[in-house]
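Working notes for the structure below.
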Amino acid sequence: MSGTHPDVVVIGAGALGAATAWFATRAGLTVEVVERGSIVSGTTSACEGNLLVSDKEAGPELDLALLSHQVWRDDLGEFGGLWEFEEKGGLVVAATPGGMDGLTELTERQRASGIEVHDVAADEIHGYEPHLTPELAGAAFYPQDCQVQPMLMAAHLLRLAREHGARVRTGTTVTGFLRDGDRVTGVRTDRGDISAGHVVNAAGTWAGEMAALAGVEVPVLPRRGFILVTEPLPPTVFHKVYAGEYVASTQSSDEGLQTSTVIEGTRSGTVLIGSSRERVGFDRTVSLPALREIAGKALALYPSLAAVALMRTYLGFRPYCPDHLPVIGTDPRAPGLAHVAGHEGAGIGLSVGSAKLLVEAMTGATPTIDITSFRPERFSLQEVS
């Protein structure tokens with residue numbers, strides 16, 4: 001790439017930036033990735049690696065989840081071992097008969113939209129998860145739910161992109177954009193300008209700030225969440241397990257603390273316990289009330305964890321959009337600029353489908369699914385209407 005301008009500059013070396021770089025190089029484009037920190041130093045380093053369909057209602061996000069599910073297998077299946085791809089399935093549990101009624105209504109809608117889901121009676125739950133409390137009204141099992149190790153996924157996709165000619169610059173901060181009239185023609189960085197045919201904003205929770213540098217609005221905001229990590233255990237949690245209210249919490253816009261139980265094991269034997277959501281900006285203060293609430297709800301599902309030591313906790317910031325849909329596509333307000341951001345807690349699972357769609361849009365191909373609902377300019381259109 002020396003002496004030439006790349007076809008694409010990707011801002012951000014997390015999961016979405018890495019996936020975009022890989023799909024772009026596969027499409028024959030030359031790519032340069034710029035990252036102000038180190039590889040996977042943002043949200044990708046502070047999440048669980050969920051690839052879920054179970055928490056999606058019918059609509060554009062579910063369509064994207066089903067596409068991503070296909071991409072993980074068809075486009076990336078040969079690499080799954082690199083990032084610990086696990087088809088473990090998800091078990092969503094209901095504590096009360098009323099909660100089970102609500103879960104059953106959800107599963108009926110999801111089946112109609114193409115999700116594979118099996119109803120699980122209360123006396124069948126221990127066949128899936130023998131350590132769960134017996135005080136449950138029922139569950140639903142989603143065999144399409146999977147998991148990856150997100151840092152490995154992003155790092156290996158960047159490596160694969162580099163093998164196809166991509167360049168990755170870390171420690172490089174984008175400070176502005178090169179313009180030719182309204183058109184974006186590259187980026188200004190603290191280490192020099194980079195001209196390019198396309199610029200992709202994959203800056204995670206900073207995507208809104210990056211868009212503002214280009215004079216457009218993409219209202220991505222940080223939403224803090226905590227994860228608890230246990231000491232390594234013998235096999236204890238065999239699927240992705242979460243309480244039915246998790247689905248509602250993912251669609252909530254409340255700024256205050258919300259917690260809902262999500263529990264899963266890892267290959268190393270540790271158990272990851274979440275989750276929490278709260279909009280507190282980029283405040284990295286450890287919230288003991290949030291940790292207590294997460295732990296208490298986890299013990300209600302897995303009482304045996306009471307005797308287990310916590311090894312550590314960590315926090316991250318989900319890139320939250322007000323309408324709970326990601327931003328994917330080229331931006332007509334600033335031709336030459338594209339965005340792939342705002343996936344909140346679903347960014348790892350949706351990253352590969354989102355990147356594939358974005359590259360299709362940038363290269364003039366017909367996107368595999370309709371991306372109208374994800375268009376970047378929708379927020380400006382809402383203001384006008």
Dump the intermediate steps for side-chain contact (heavy atoms from CB on, under 4.5 Å) on His339 and Val220, then the final yes or no.
CA-CA 11 Å; His339 309 272; Val220 176; over 6 Å; no

Taking the side chain as every heavy atom from C-beta outward, state whether Thr368 and Gln70 have any pair of such atoms under 4.5 Å apart.
no

Any chance you could pull the hydrophobic cluster mates of Val187, using side-chain heavy atoms under 4.5 angstrom and chaining through other members?
Val9, Ile11, Val34, Val174, Phe177, Val184, Ile194, Val199, Met210, Leu213, Val216, Leu337

Exam field: side chain Thr236 to backbone Pro234, donor-acceptor pair closer than 3.5 Å:
yes

Within the 3.5 Å criterion, strictly below it, is a donor on Ser276 or Glu293 matched to an acceptor on the partner's side chain?
no

Close side-chain approach of Ser351 to Trp72, heavy-atom, < 4.5 Å:
yes

Between Thr259 and Lys297, a side-chain donor and acceptor under 3.5 Å
yes

Indicate whether any N or O donor in one side chain lies under 3.5 Å from an N or O acceptor in the other, for His324 and Glu61.
no

Can you name the closest pair of heavy atoms from Arg73 and Cys146 and give their distance?
NH2-SG, 3.4 Å

Test Leu157 against Leu76 for side-chain contact (heavy atoms from CB on, under 4.5 Å), laying out the working first.
CA-CA 10 Å; Leu157 280 180; Leu76 294 166; 3.9 Å; yes

Which atom pair, heavy atoms only, marks the closest approach of Glu278 to Ala290?
OE2-CB, 4.4 Å

Do Ser54 and Tyr242 get their side chains close enough for a donor-acceptor pair, meaning under 3.5 Å?
yes

Has Asp283 got more than 12 heavy atoms of other residues, nucleotides or ligands less than 6.0 Å from its CG?
yes

Backbone N/O of Thr266 and side chain of Thr270: donor-acceptor pair under 3.5 Å:
no

Thr170 to Arg191 - nearest heavy-atom pair and separation:
O-NH1, 2.9 Å

Quick check: do Ile369 and Leu66 have side-chain heavy atoms less than 4.5 Å from each other?
no

Taking the side chain as every heavy atom from C-beta outward, state whether Lys88 and Phe238 have any atom pair closer than 4.5 Å.
no

Under 3.5 Å: donor-acceptor pair, side chain of Arg375, backbone of Ile371:
no

Keeping Thr30 on the side-chain end and Asp7 on the backbone end, is there a donor-acceptor pair under 3.5 Å?
yes

Heavy-atom side-chain proximity of Ile273 to Leu305 below 4.5 angstrom:
yes

Euclidean distance, Leu152 CG relative to Thr44 OG1, rounded to 0.5 Å:
12.0 Å

Run the numbers on Glu344 and Arg318 for salt bridge (Lys or Arg N to Asp or Glu O under 4.0 Å), then give the verdict.
CA-CA 5 Å; Glu344 199 170 338; Arg318 300 177 183 89; 5.3 Å; no

A side-chain contact here means heavy atoms from C-beta on lying under 4.5 Å apart; do His131 and Glu129 qualify?
no

Quick one: sort the Tyr128 and Phe141 rings into parallel, tilted or perpendicular, breaks at 30° and 60°.
tilted

Worked verdict on Arg36 versus Trp206 for side-chain contact (heavy atoms from CB on, under 4.5 Å):
CA-CA 11 Å; Arg36 70 178 186 179; Trp206 296 277; 2.8 Å; yes

Determine, for Lys240 against Glu86, whether the closest basic-nitrogen to carboxylate-oxygen distance falls under 4.0 angstrom.
no

Would you say Val117 and Leu106 make side-chain contact, with heavy atoms under 4.5 Å?
no

I need the minimum non-hydrogen distance between Ala155 and Val40, along with the two atoms involved.
N-CG1, 4.5 Å

Taking Pro143's backbone N and O only, do any of them form a donor-acceptor pair with Glu116's side chain (distance below 3.5 Å, no angle check)?
no

Atom NE2 of His164 and atom CH2 of Trp22: how far apart are they, to the nearest 0.5 Å?
8.0 Å

Taking atom CG of Asp101 as the centre, does the number of heavy atoms from other residues, nucleotides or ligands within less than 6.0 Å exceed 12?
yes

If only atom types and distance count, is the side chain of Arg223 paired as donor or acceptor with the main-chain N or O of Gly345 below 3.5 Å?
no

Looking at His118, I'd like to know if its NE2 atom is crowded, meaning that more than 12 non-hydrogen atoms belonging to other residues, nucleotides or ligands lie closer than 6.0 Å.
yes

Side chain proximity check, Val359 to Arg26, heavy atoms < 4.5 angstrom
no

Would the distance check show the side chain of Glu124 and the main-chain N or O of Ala121 forming a donor-acceptor pair, the cut-off being under 3.5 Å?
yes

Just verifying a value: how many Å separate Leu64 CG and Asp370 CG, rounded to the nearest 0.5 Å?
11.5 Å

Out of curiosity, His69 NE2 to Leu62 CG, how far, rounded to the nearest 0.5 Å?
11.5 Å

Is there a side-chain contact (heavy atoms from CB on, under 4.5 Å) between Leu16 and Leu358? Walk through the geometry before answering.
CA-CA 10 Å; Leu16 284 152; Leu358 181 64; over 6 Å; no

What one should report as the nearest heavy-atom pair of Ile328 and Ser354 is CD1-OG, 3.4 Å

ring-ring contact (aromatic ring centres under 6.0 Å, His included) against Phe85, all qualifying residues, sequence neighbours excluded:
none

